Number of protein chains: 2
Amino acid sequence: MAMFLSTTINKVDRKGRVSVPAAFRAALSEQAFRGIVAFPSFKHAAVQCGGMDWMEKLGAGVDTFDLFSDEHDTLTAALFANAQQLAFDGQGRVLLPENLIVHASLAEQAAFVGRGPLFEIWNPEAFADYQAEAVRQAAEKGLTLRPAGPPGSDGGQT
Amino acid sequence: MAMFLSTTINKVDRKGRVSVPAAFRAALSEQAFRGIVAFPSFKHAAVQCGGMDWMEKLGAGVDTFDLFSDEHDTLTAALFANAQQLAFDGQGRVLLPENLIVHASLAEQAAFVGRGPLFEIWNPEAFADYQAEAVRQAAEKGLTLRPAGPPGSDGGQT
DNA sequence: ATTTATCCCATGATATCCCAAATAATCCCA
DNA sequence: TGGGATTATTTGGGATATCATGGGATAAAT
């Protein structure tokens, strides 16, 4: 499974295109579909993204024959209906659809944020705020996300 | 199996034709039959659609019920009796039959809603209502649709 | 003969492709 | 360890192809 790390800020051009960071594209290079799958985050003003395999895993619990279950009904409606396949152009860019631009309040710039098996696209300022808040809360809670090892040898949680 | 994602709203013309979104047609391109299979949803005022392979899977599911049971009886009656094959015209459109238009309350516009292995056709306003509720519930439940796999390999839903 | 469905072409809008320029990262050799 | 050269990446924009849509003409059905 792909692994997305670090944060990159790229420009959204007049046509609504953005370069997906080369490192992220490399992580997706194994996939049959040359592009990403994206949908609005339920919790934040951000776009969640991954490869096709990731989307298939999210939907793995959904049975083809399951036309009657209420839970799956709402979940697939929220997931698949809002998801979009965004293909790379020759330069590794994707065209952001209107609904995602609106949901994430994207303008001239987009922040690509690695989150391990997936990545997110944020409005850079919104992400800075969110991150500051996350750090504040982590400090408050005594930084429970701590690697095993001697004190002071941690990875400097961001 | 085909993967239908995202939502597209297309126009129903005076003759009752609608373009099936190009992305959906591409997902069906492997199929022998150039068109879709459609039947009224049991749960909603919507039309459920898929390729022929999907219909065959539904048939296989029906086989697992006892041949003489009430379930089998109602299912086959409801499923196959109401299902219709809608062929594409040269431009990738289908002609919506009267009974489906009535069932889904379709007028000038039709929303094509991807739901993974199948897709649905809705009246756009009706779907917007349903969609809002589905997203609300998904957020509330914290996306319980977990990817299949060992613990720790999940998508890290935020 | 009237209706209903299919085929075919035209058109505007949109997305994709392709080439070229700027920018950033990396390498190499002194 | 510099600093210039080389390569990779990002960005811009014009040309091209694709898509959604409309409507006339043709064919089939009743």
Side-chain angles (χ1 to χ4, degrees), chain A residues 2 4-29 32-38 47 49 83-102 106-114 119 121-124, chain B residues 2 4-29 33-38 47 49 84-102 106-114 119-124 127:
Chain A
F4 303 102
L5 300 175
S6 102
T7 299
T8 315
I9 293 176
N10 281 345
K11 213 168 183 180
V12 181
D13 71 15
R14 208 179 314 165
K15 296 180 180 178
R17 298 177 297 186
V18 231
S19 282
V20 175
F24 288 11
R25 296 203 307 268
L28 291 169
S29 58
F33 169 61
R34 301 274 306 153
I36 64 177
V37 179
V47 181
C49 309
Q84 312 242 19
Q85 272 187 83
L86 309 180
F88 294 141
D89 70 6
Q91 280 66 243
R93 291 175 287 197
V94 292
L95 186 63
L96 293 173
E98 191 59 25
N99 69 315
L100 296 183
I101 290 185
V102 170
L106 297 174
E108 306 87 46
Q109 292 196 313
F112 287 78
V113 182
F119 65 91
I121 306 176
W122 286 73
N123 175 304
Chain B
F4 300 101
L5 298 178
S6 100
T7 299
T8 315
I9 293 176
N10 280 345
K11 218 167 183 179
V12 181
D13 71 14
R14 210 178 311 165
K15 299 179 181 178
R17 297 176 299 185
V18 231
S19 283
V20 175
F24 288 11
R25 296 202 306 268
L28 292 169
S29 58
F33 169 60
R34 301 275 307 150
I36 64 177
V37 179
V47 181
C49 310
Q84 288 180 271
Q85 272 183 252
L86 310 179
F88 295 142
D89 71 5
Q91 279 65 241
R93 290 176 288 199
V94 292
L95 187 63
L96 293 172
E98 192 58 25
N99 68 316
L100 296 183
I101 290 185
V102 171
L106 297 174
E108 305 89 45
Q109 292 196 312
F112 287 79
V113 182
F119 66 92
E120 291 179 344
I121 306 176
W122 286 71
N123 174 304
F127 178 68

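Naming: A, B, ... by sequence-line order, numbering from 1 per chain. All values reported here derive from a predicted model rather than from experimental measurement. Below, each value reflects all heavy atoms present in this structure, side chains not excepted, and no hydrogens, waters or symmetry copies.
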Where V113(A) and W122(A) come nearest, the two heavy atoms and their spacing
CG2-CD1, 3.7 Å

Hey, could you give me the CG/CD1 distance between L86(B) and I121(B), rounded to the nearest 0.5 Å?
7.5 Å

Pairwise distance CZ(F24(B)) to OG(S6(B)) - rounded to 0.5 angstrom:
5.5 Å

Heavy-atom nearest nucleotide on DNA chain D taken for V12(A) and for D13(B); more 5' hit belongs to V12(A)

Considering only distance and modelled atom types, tabulate donor-acceptor pairs under 3.5 Å from the side chains of residues 90-98 of chain A, sequence neighbours left out.
residue	atom	partner	partner atom	Å
R93(A)	NE	D89(A)	OD2	3.0
R93(A)	NH2	D89(A)	OD2	3.4

Considering only heavy atoms from C-beta outward, does the side chain of E108(B) approach that of V12(B) to under 4.5 Å?
no

N10(A) side, atom CG; D13(A) side, atom CG - distance, nearest 0.5 Å
11.0 Å

Please give, in whole Å, the distance from dG12(C) P to K11(B) NZ?
15 Å

When rounded to the nearest 0.5 Å, the distance separating CZ of F88(A) from OG of S19(A) is 10.0 Å

Drop me the distance from L106(B)'s CG to I101(B)'s CD1, to the nearest 0.5 angstrom.
6.5 Å

I'd like a list of close polar pairs between nucleotides 24-27 of chain C and the protein, N/O only, cut-off under 3.5 Å.
none

N123(A) side, atom CG; I9(A) side, atom CD1 - distance, nearest 0.5 Å
9.5 Å

Under a 4.0 Å heavy-atom cut-off, which of residues 14-22 of chain A touch DNA chain C?
K15(A), R17(A)

Heavy-atom closest contact (A27(A) atom, A2(A) atom, distance):
O-CB, 3.3 Å

Tell me, please, the opening and closing nucleotides of DNA chain D, 5' to 3', among those with an atom under 4.0 angstrom from a non-hydrogen atom of chain B.
dC19(D) to dA25(D)

With a 4.0 Å heavy-atom cut-off, tell me which residues in residues 85-101 of chain A come close to DNA chain D, sorted by residue number.
Q91(A), R93(A)

N10(A) CG - dT23(C) P separation (whole Å)
14 Å

Is there a side-chain contact between F33(A) and L28(A) in this structure, where contact means two heavy atoms from C-beta onward sitting under 4.5 Å apart?
no

What does the inter-axis angle of the helix from dA1(C)-dT30(D) to dA20(C)-dT11(D) come out as, five pairs per end, nearest 10 degrees?
30°

